[in-house]
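Each chain gets a letter, A, B and so on, in the order the sequences are listed, and its residues count up from 1.
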Amino acid sequence: MPTNAEVAATFREIADLLDVLGETFKPEAYRRAARSIESLSEPLGAVEARGELRTIPGVGEAIAEKIRELLSTGTIAYRDRLLHEVPPGLLEIVRLPGLGPKTARRFWVELGIEGPAELRAAIEAGRLDGVKGFGPKKIAQIRAALAPPAGTAPSPRRPIEEVYPIAVGLVEALRRDAPVRAVEIAGSFRRGQETVGDLDVLATSAEPERVFDAFSKLPEIREVRLRGGTKETVVLSNGLQVDLRVVEPDAFGAALQYFTGSKDHNVALRTLARDRGLKINEYGVFRGETRIAGRTEAEVYATLGLAWIPPELRVDRGEIALAGAGTLPTLVTAADLVADLHVHLPADAAPADLDGLRDAARAQQLELVGVVAGGIGPDGRAVDLAAAVRARLRELGKDRPRLVAVEELATGAAPGDAGSGAYRLLRADAGPPPTGDGPTARGLVHLGTGGRPDGALLPWFAWAASRHLPIEVGPGPDRLDSNGARAALEAHAALLVPRSLRGGPLDPTGPVALAFARRAGARPQDVGNARPERRATGRAGPTR
DNA sequence: GCCGTTTTCGGCCCGACTGTTTTCAGTCG
């Protein structure tokens, strides 16, 4: 059975084919459905089995029928028919940078070109010279797109944890080198999406030209792609594209809202504005010619009668209705997190390292730290802290913030007596949930989604929920991403949000984990290491 | 093809930038 990602890719292909055929609104309808399907927290097969395909935003009867056809037969007859109609090579032309469906269609209809090879031959034979709309620069651009120099291939989406230190570094550099007042990263990075295609940086300044000058000179920048009066696009030496926009302070909130997206959220918002006789763009909210909001995001939402919506929820899956009714969930924040239960120390750690750890915990206002003192380390090998460290750990355990020993056990390991105040990490690396241990086991589950088929974790969620074990969320293959976290919450399991206690300001683990939890809609009471008084579920907190 | 606290039909976000243009088309986000 095809995965959700494969179904989405099929619909995107149909959209491209329809584009080339000159269809106007259908392609966007298929792309919208593809985006919705990708953000589902469970396999499409499960939705279909409940007869709820039509509840997916952007999925109507026609697309629902095509999903059923794809799930049961592995193909869609409509797609095959389109592929018969449109030469497959045209899809490659459409996907070249700077070219789109209109141009590809003209090549096909006017010049009989059906693929990249024919296009290249046509250019070399001079067949494009003198054709309306194709001047020398455009032809050179197409030639470059057809034969990209090594290392300039379009960069794929990257994990957000990989982009995080780059983004933090760019913001710091701009604050240091450029005359900016405010700087924020918008886009999918701000929404805490698992992967990031490019970075959207937004700044306010009285001197945009000087900001662009300073930005262009940053050492990590390989190439300036384009530069206008309000925006500049560059490519970093690692291939990541960064768009910098500079706006006036009165428009900062509107621009931040606009460039944070998501696209579907913005479309829904602007449709709502239009229905109320208003217009929203990146410069503000307008009634006629008059700007009535724009300085802050909250102001923009307020003009539409909406509460401010956290970026992580801006996906057009009902959050606008909730904001209108004032019933948005109160999402967990960094200030709610009072424990980090999963801190690894190196094998050669000294007692003094624990004091440093406690200082870091105090600085982050944590009340409890779980130090992995035995069991299986991050590299899969056995870890055992020195006796002196263990002794110091016992001493420190009496003071605040408390440090307690934590043990990591492999899947299905028999739960030993971890002792009072100790916590157990259960690594669920493979296979079904264990059956041998009792419901009294305390700890957390370190549960990876990496490489698993959709839905393979569902039994684990129920297992963890029944034992009040929170499941760790965050970047990397051993933690839940936001889709996994949402499914866990739906199964009434609690989450555990790690902090970056030993990492510096560039460590993505804590911030990214928090973003994933928030994307899943987690409230403080859904999080096992949030303040106990705000928590309803999860028992990994301090023993009292 | 989807969708509806004005709609089951008639709409479908909006602007920057580039290149080729004399007022605009295409692409991109």
Considering heavy-atom distances to DNA chain B, does Glu232(A) or Tyr78(A) have its closest nucleotide positioned more toward the 5' end?
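Final value for this comparison: Tyr78(A).
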Please figure out whether Leu278(A) or Thr230(A) has its closest DNA chain B nucleotide nearer the 5' end.
Leu278(A)
Kindly give the atom pairs (protein nitrogen or oxygen, nucleotide nitrogen or oxygen) under 3.5 Å for nucleotides 9-12 of chain B.
none

Is the side chain of Ser39(A) donor-acceptor paired with the backbone N or O of Ser36(A) at a distance under 3.5 Å, no angle test?
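Pair found, side chain donor or acceptor close to backbone of Ser36(A).
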Answer with base, sugar-phosphate or nothing: what part of the nucleic acid does [X] contact at a heavy-atom distance below 4.0 Å?
X	answer
Gly261(A)	nothing
Leu18(A)	nothing
Asn281(A)	sugar-phosphate
Glu23(A)	nothing

[X] [atom1] - [N] [atom2] separation (whole Å):
X	N	atom1	atom2	result
Asn266(A)	dG15(B)	CG	P	13 Å
Arg32(A)	dC3(B)	CZ	P	7 Å
Ile320(A)	dT5(B)	CD1	P	12 Å
Asp264(A)	dC14(B)	CG	C1'	15 Å
Leu306(A)	dT5(B)	CG	P	14 Å
Glu65(A)	dC2(B)	CD	C1'	16 Å
His265(A)	dC14(B)	NE2	P	15 Å
Arg54(A)	dG1(B)	CZ	P	13 Å

In whole angstrom, give me the gap between the [atom1] atoms of [N] and [M].
N	M	atom1	answer
dC14(B)	dC9(B)	C1'	24 Å
dC17(B)	dG11(B)	P	32 Å
dT8(B)	dC2(B)	C1'	12 Å
dT18(B)	dG10(B)	C1'	34 Å
dG1(B)	dT5(B)	C1'	24 Å
dC28(B)	dT22(B)	P	24 Å
dT7(B)	dC12(B)	C1'	13 Å
dT20(B)	dG15(B)	P	26 Å

Return the orientation label for the Tyr78(A) and Tyr30(A) ring planes: parallel under 30°, perpendicular over 60°, tilted otherwise.
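The rings of Tyr78(A) and Tyr30(A) lie parallel, inter-plane angle below 30°.
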Hey, can you tell me if Tyr164(A) and Phe189(A) have their rings parallel, tilted or perpendicular (30° and 60° cut-offs)?
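Correct class here is parallel.
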Heavy atoms from other residues, nucleotides or ligands near CZ of Arg181(A) exceed 12 (cutoff 6.0 Å)
no
Between Arg157(A) and Gln193(A), is there a side-chain heavy-atom distance shorter than 4.5 Å?
yes
Side-chain touch Trp308(A)/Thr296(A), heavy atoms, less than 4.5 angstrom:
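No, side chains not in contact.
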Ring-face cation of Arg245(A) near Phe259(A) (centre distance under 6.0 Å, axis angle within 45°)
yes
Could you tell me which non-hydrogen atom of Asp264(A) sits nearest to which non-hydrogen atom of Val315(A), and how far apart they are?
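Shortest heavy-atom separation between Asp264(A) and Val315(A) comes out as CB-O, 4.2 Å.
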Reading nucleotides 19-29 of chain B from the 5' end, what letters show protein touch, with B for base, S for backbone sugar-phosphate only, - for no heavy atom under 4.0 Å?
SSS----SSSB
Syn or anti for dT6(B), given that syn means the glycosidic angle lies within 90° of 0?
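Anti, since the glycosidic angle lies more than 90° from 0.
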Kindly point out which of dA16(B), dC2(B), dT18(B) is positioned nearest to the side chain of Ala29(A)?
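In terms of side-chain proximity for Ala29(A), the closest of dA16(B), dC2(B), dT18(B) is dC2(B).
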Can you tell me the base-pairing partner of dC2(B)? Count Watson-Crick or G-U wobble geometry only, both distances below 3.5 Å, and say none if there is no partner.
dG11(B)
Go through the steps to decide whether Thr509(A) and Asp507(A) satisfy the test side-chain hydrogen bond (donor to acceptor under 3.5 Å, both in side chains), and finish with yes or no.
CA-CA 6 Å; Thr509(A) 306; Asp507(A) 185 342; 2.9 Å; yes
Would you please say whether a donor-acceptor pair under 3.5 Å links the side chains of Glu194(A) and Ser482(A)?
yes
Using the rule side-chain contact (heavy atoms from CB on, under 4.5 Å), only one of Ile113(A), Thr103(A), Leu146(A), Ile142(A) pairs with Ile93(A); which is it?
Ile113(A)
